[in-house]
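Written out below as structure tokens is the structure these notes cover.
Protein chains get the first letters and strands the later ones, always in sequence-line order, with residue 1 at the start of each.
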Number of protein chains: 2
Amino acid sequence: MAITLDQIRCFIATAEELHFGRAAERLQMTQPPLSRQIQRLERSVGARLLDRDHRRVTLTPAGTAFLEDAYRMLAAVDASVQHARRVEAGSAGTVHLGVTAVSAIGVLGPLLGLLDRELPEVDVVLHESASGGQVDGIRRGQIDLGLARPPFDTASLSSRLVLREPLRAVVPDGHPLAEVDRPLAPEDFDGQSVISYHPTSARYLHELTVRFLLNGHARIEQHVQQVLTAVLLVAAGQGVAFVPASVAALHVQGVRFQRLTEVPGAHADSDPARPVELHALWARDGLTPLLRQVLRLVERAVEEQDDPAGV
Amino acid sequence: MAITLDQIRCFIATAEELHFGRAAERLQMTQPPLSRQIQRLERSVGARLLDRDHRRVTLTPAGTAFLEDAYRMLAAVDASVQHARRVEAGSAGTVHLGVTAVSAIGVLGPLLGLLDRELPEVDVVLHESASGGQVDGIRRGQIDLGLARPPFDTASLSSRLVLREPLRAVVPDGHPLAEVDRPLAPEDFDGQSVISYHPTSARYLHELTVRFLLNGHARIEQHVQQVLTAVLLVAAGQGVAFVPASVAALHVQGVRFQRLTEVPGAHADSDPARPVELHALWARDGLTPLLRQVLRLVERAVEEQDDPAGV
DNA sequence: TCGGGCCGATACCTTGCGGGTATGGCCATC
DNA sequence: GATGGCCATACCCGCAAGGTATCGGCCCGA
């Protein structure tokens, strides 16, 4: 014999009215079944909740305590229903967001701010990993939405280009190229020692570097995995590197970020002036309403901070 | 069409098994009614909770959210039942405790400590008022247990003597009586200016004062309502006063507490050496299990700090 | 490509719980 | 002592929840 929400509703009405007849009326029923519901409830709870001594009905201490809990239970049921509806509508829930260290610099801050303001009931869990790790995470259902760089197989994943930004050169203060006030061309780096990226784990930036330098005679001497590492190595005088423009926002001491001439596009609709692309990435069959909302905010986040990358 | 706890239980089983057949087995029922329960639940909630695509069952985001809430709801129901049982057994609940400022000095501290240790699930609400106010509070059901002084009508109230303590004289430092090292007799106060109490709101202490001074020739010059006020007036040199021995625990600067000879008893079994009585007081028909527990602790609290009043 | 098996949905039957009416029993009041 | 108020009990009924049988779609192996 289990407790029912109906019994709880009956109890609340009776406890408030302290009168079975009036409580029954309020519950749109007659008094006898109400009496039975209360009896059943008391039997299930294992404690007398109402003292009825033929003249007046009063709450026992156990009843007083149970009444408070009863309100909470009904409120909890109601809140749960509301919450589920909001989750289905996409205005509440949890998003597992995959980010790379670099995407974090440009888009993540504004995006998190927007999420907080526009979808306050959405919890965000960040998963920091390289682009390749994000694809795996999405496949395994651990990540709902990734912010990553191409290439990724388009068979099971959907994607949308959310940001294009220029490629910049990072050179140490005092370096001859640090003083030049024009876009640097591949030939400007002839003979320079270049820090590029790991060909597999940071394949995208590595290919960009190689593609930019294609017609020059620079020497690629090191391969790092993180953009920040490259910048720090430049600051340490180990060479020059090429990074997404938004990295300038980090304000690392001892380096300058220099504009570049156009970079040959990797595909048909790429923009040579802004060759660094960031894509939003999700499982083809995982486009939930919440994800749609978040994607909308990703685009707004990009618009809001468009300038720093565009200049 | 309202949600049922049964539906929630069905949903939990199905969400855990992700398989209607196995879930039904676990719930000791067959699969078709389980399917219908889930459908009904989804209709009530207004959101699809499980995606069932002929091969596998998965939780929708709304379902994931609802599952967490579902656990909480069932746990809340269970906790409420347990709580009600404990309240009925007297080991949980709320006690409204009536205290006077003076009872607080002697008994209240140890009592609250004991309550905290022995009945941690019991909430205590203190109501500070004079003895008369407590009787009203008990009558109106606002106070469960009062710590007050006689007299009170014994028709609707039950009481138990919990503490007897001596009466002490409060005299200012430097006063001739402050140096005497023997119990003071009524005659010692001949010609002194005495601070007594309001004959109605602090009737008990007033009558004690009068009864002690009966054979002497002291002059009662002021009537105050609070014991502490009397002590402070003594410190200010306005006269002498008589207070329960436990008041000495306050350690007011500038006054001394002096022993007294015996005070004639007000009733048959009063103790002339310890004429100040404190009674626990409750509605005759309000002796709940919890109150019984609290009364037990009141007695233990008195035993534990018996000494300061007894010396 | 076809058949078998798996699994959830549907149709239909049955039973038991929840609600209704009538009435009893107890106390308070006049 | 008669009356009325109020909760409990007895008994009846209808519906909703559970059971059985079956459908229908999909996957998989031959």
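- For Arg40(B) and dA17(D), the shortest distance from a side-chain N or O to OP1 or OP2 is below 4.0 Å.
- The side chain of Pro33(B) approaches dG18(D) more closely than any other nucleotide in the set dG19(C), dG18(D), dG8(C).
- Each of dT9(D), dG18(D), dG8(C) was ranked by its minimum atom distance to the side chain of His19(B); first place goes to dG8(C).
- Checked against dA9(C), dA17(D), dC7(D), the side chain of Ser35(A) finds its nearest nucleotide in dC7(D).
- The CZ atom of Phe20(B) sits 16 Å away from the C1' atom of dG18(D) (whole-angstrom rounding).
- Nearest-nucleotide mapping onto DNA chain D: of Val57(A) and Leu34(B), the residue sitting toward the 5' end is Val57(A).
- Rounded to a whole Å, the CZ atom of Arg36(A) is 17 Å from the C1' atom of dC6(D).
- In this structure, Arg149(B) and His279(B) have side chains that are not in contact, with every pair of non-hydrogen atoms separated by 4.5 Å or more.
- Atom C1' of nucleotide dG18(D) and atom CD1 of Ile38(B) are separated by 15 Å, given to the nearest angstrom.
- If you take CG on Leu119(A) and CD on Gln293(A), they are separated by 5.5 Å, rounding to the nearest 0.5 Å.
- For Arg85(B), the CZ atom counts as densely surrounded, since its 6.0 Å shell holds more than 12 non-hydrogen atoms of other residues, nucleotides or ligands.
- Atom CD of Gln28(B) and atom C1' of dA17(D) are 16 Å apart (whole Å).
- An OP1 or OP2 oxygen of dG20(C) is reached within less than 4.0 angstrom by a side-chain nitrogen or oxygen of Thr30(A).
- In this structure, Leu27(B) atom CG and dG8(C) atom P are separated by 13 Å, rounded to whole Å.
- At whole-Å resolution of the value, CZ in Arg22(A) and P in dG5(D) are 13 Å apart.
- For dA9(C), its base sits under 3.5 Å from the side chain of Gln31(B) at one donor and acceptor pair at least.
- Ring-plane geometry between His96(A) and His127(A) is classed as tilted, the angle between the planes lying from 30 to 60 degrees on a 0 to 90 degree scale.
- Summarising the geometry of Gln225(A) relative to Ser201(A), their closest heavy-atom pair is OE1-OG, 3.4 Å, with the distance given to 0.1 Å.
- For the pair Gln39(A) CD and dC6(D) C1', the interatomic distance rounds to 14 Å; values are reported in whole Å.
- Taking atom CE of Met29(B) as the reference point, atom C1' of dG16(C) lies 15 Å away to the nearest angstrom.
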